Amino acid sequence: MQFNKSLIAWYSVNKRELPWRNTKEPYYIWLSEIILQQTQVKQGLPYYEAFVHQYPTVFELANAKEEAVLKLWQGLGYYSRARNLHATAKYVAVELDGIFPDNYTDLLKLKGVGDYTASAIASFCFNEVAAVLDGNVYRVLSRYYGIHTPINSTEGKKVFKALANDAIDIENPAEYNQAIMEFGAIQCKPSGPDCLICPLIESCAAYRKNEISILPVKIKNKKPKNKYFNFLVYISDSDKTVIEKRVGKGIWQNLYQFPLMETEKSIDETEFLKRLNSVESFQDVTLFNSVDIVHKLSHQHLHTKFWIIKTQELPEKGTDISQIEDYAVPVLIKNFIEEFNFEYEI
DNA sequence: AATACGGGGGA
DNA sequence: TCCCCAGTATT
């Protein structure tokens, strides 16, 4: 059997039951695809359920506050996805009367929708012949055809795109796209793939040449950069603290945090007080964590200290401590809030 | 052509 | 530690 027909046959037997597989409604497909970008099904699933429950149609999502969307997205990462999700919902609801574009070219124009997502929606919802190319597809194709071109190089993207367009089943692009991704996700896994029960074992170049473990080839990531964060956790006599919105560029845009003092290296209390007192009058300061909390992102390692500052008056307008859970915060801040337990402290 | 952008999980 | 994940936008 051909490569694509074999995958479809495999898929019909082995596919997982997932909520977005029971619909062709573009809103649900789009929502699931945005959530699943660089995110495993297991991690994204509860978020998908929450969004569908909270925003059953594109109109509810469009009418929501961005703050509410970010709060529901909290913990999933890559927050530009949530901001773009909301912006696109507003665009589709208002400008397109709630009707999503019905083809690859127009879908691609939506914020947060790139080549992969446009292909996925176009094929799943409208059966357009548009081959998806995600991490799973790269792996399956590179192994099956024995391609050593790095998948994250410009050349590689070109080569694999051509291969994907060549392999797609033009009679059933939706099934084929689902099939090759599912196959990559649960059988042709990054490590320890189940080759011995693989329907493609006879014709798989990587298996024949014993290259399963070295394919796909990928250009290595650069080392993450170290950063040193000091969060100023104020507690006033009237049980307020200071929390502020992250604006501008960089990570966690539009999420909330305690006032941040970033330093070149890890600092001690003397150094901290020196920098703090150059701005403010006396405070009672204690360090929450004696050892830096290292929050690891894919491109940054954040060495973090939380400084508890008890004070009569806040340096700026405060927020009731009882309300901090309402704000969308990075996981680093969320973990601190849970561990610190303000209620016990005040 | 590179880099920024999160967080969780597997080996 | 390092790699991967239903990638996209910006530089």
Side-chain angles (χ1 to χ4, degrees), chain A residues 11 15-16 18-21 29-48 70 73-85 87-88 107-121 123-124 130-140 150-158 160-161 164 174 177-186 188-193 213-225 227 246 248-255 294-302 328-335:
Chain A
Y11 180 66
K15 69 174 176 180
R16 291 168 290 185
L18 296 170
W20 48 84
R21 292 205 168 134
I29 300 299
W30 165 72
L31 177 60
S32 71
E33 293 303 339
I34 301 298
I35 287 173
L36 292 171
Q37 289 169 5
Q38 290 292 285
T39 303
Q40 299 195 156
V41 167
K42 186 180 176 186
Q43 189 189 3
L45 190 51
Y47 287 85
Y48 175 80
L70 285 170
W73 198 273
Q74 177 180 295
L76 197 55
Y78 286 157
Y79 296 93
S80 67
R81 289 184 292 170
R83 299 190 300 268
N84 286 333
L85 185 83
T88 292
L107 285 162
L108 194 55
K109 295 172 185 165
L110 302 176
K111 278 188 183 176
V113 175
D115 180 70
Y116 163 77
T117 304
S119 301
I121 301 172
S123 63
F124 298 166
V132 293
L133 204 44
D134 73 338
N136 295 307
V137 178
Y138 278 117
R139 184 169 54 258
V140 173
I151 60 173
N152 54 345
S153 65
T154 304
E155 173 69 9
K157 284 172 190 160
K158 206 170 69 182
F160 285 97
K161 185 72 182 173
N177 276 340
Q178 297 268 18
I180 190 167
M181 288 193 286
E182 187 78 339
F183 180 74
I186 70 181
C188 194
K189 296 174 290 189
S191 70
S213 62
I214 64 167
L215 292 176
V217 175
K218 195 170 181 180
I219 299 166
K220 291 207 188 311
N221 297 333
K222 290 174 59 178
K223 288 254 162 83
K225 210 161 136 186
K227 290 194 169 189
R246 286 186 68 97
K249 301 156 72 84
I251 57 173
W252 303 331
Q253 203 177 111
N254 293 3
L255 273 68
V294 184
H295 188 71
K296 294 177 177 176
L297 310 180
S298 48
H299 60 301
Q300 297 179 16
H301 286 182
L302 308 176
V329 297
V331 166
L332 174 61
I333 302 293
K334 173 174 166 284
N335 289 344

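If you're wondering where the values come from, they're calculated on a predicted model, not measured in any experiment. Chain naming here is simple, since letters A, B, ... match the order of the sequence lines and numbering starts at 1 in each. Heavy-atom basis, side chains included; hydrogens, waters and symmetry copies ignored.
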Quick one: are the ring centres of A:Y48 and A:W20 less than 6.0 Å apart? yes
How many Å lie between NZ on A:K227 and P on B:dC5, as a whole number? 7 Å
If you go through the side-chain atoms of A:T117, does one of them form a donor-acceptor pair with the base of C:dG7 closer than 3.5 Å? no
Confirm from the modelled atom types if A:T39 and B:dG7 form a donor-acceptor pair under 3.5 Å, side chain to base only. no
More 5' along DNA chain C: A:K157 or A:I151, using each one's nearest nucleotide? A:I151
Could you tell me how far apart A:K296 (NZ) and C:dC2 (C1') are, to the nearest whole angstrom? 10 Å
d(CD, A:Q43; C1', C:dG7) in whole Å: 14 Å
Sugar-phosphate, base or nothing in reach of A:W20, heavy atoms under 4.0 Å: base
Nucleotide forming a Watson-Crick or wobble pair with B:dG6, both distances under 3.5 Å: none
Please give, in whole Å, the distance from B:dA4 P to A:H301 NE2? 14 Å
Can you tell me whether the side chain of A:R81 and the base of B:dA4 have a donor-acceptor pair closer than 3.5 Å? no
A:W30 side chain to A:I34 main-chain N or O, any donor-acceptor pair under 3.5 Å? no
Whole-angstrom distance between B:dG10 and C:dA6, as gauged at atom P: 13 Å
Which value, in whole Å, describes the distance between the C1' atoms of nucleotides B:dG6 and C:dC3? 15 Å
Going by distance alone, is a donor N or O of one side chain under 3.5 Å from an acceptor N or O of the other, for A:T117 and A:Q37? yes
Which listed nucleotide (B:dG7, C:dT8, C:dC4) is nearest to the side chain of A:Q37? C:dT8
Rounded C1' spacing from B:dC5 to C:dC4 in Å: 16 Å
Classify the nucleic acid contact of A:V113 as base, sugar-phosphate or nothing, counting any heavy atom under 4.0 Å across all strands shown. sugar-phosphate
Can a donor-acceptor pair under 3.5 Å be found between the side-chain atoms of A:Y116 and the base atoms of C:dG7? no
For B:dA4, does either OP1 or OP2 sit under 4.0 Å from a side-chain N or O belonging to A:W252? no
What I want to find out is whether A:R81 reaches A:E33 closely enough, with some N-O distance under 4.0 Å, to be called a salt bridge. no
First of A:S191 and A:L255 reached from the 5' end of DNA chain B, by closest nucleotide: A:L255
Whichever of A:I219 and A:G250 has its nearest DNA chain B nucleotide further upstream toward 5': A:I219
Sugar-phosphate, base or nothing in reach of A:Q300, heavy atoms under 4.0 Å: sugar-phosphate
Could you tell me whether the side chain of A:N177 and the main chain of A:V132 form a donor-acceptor pair under 3.5 Å? yes
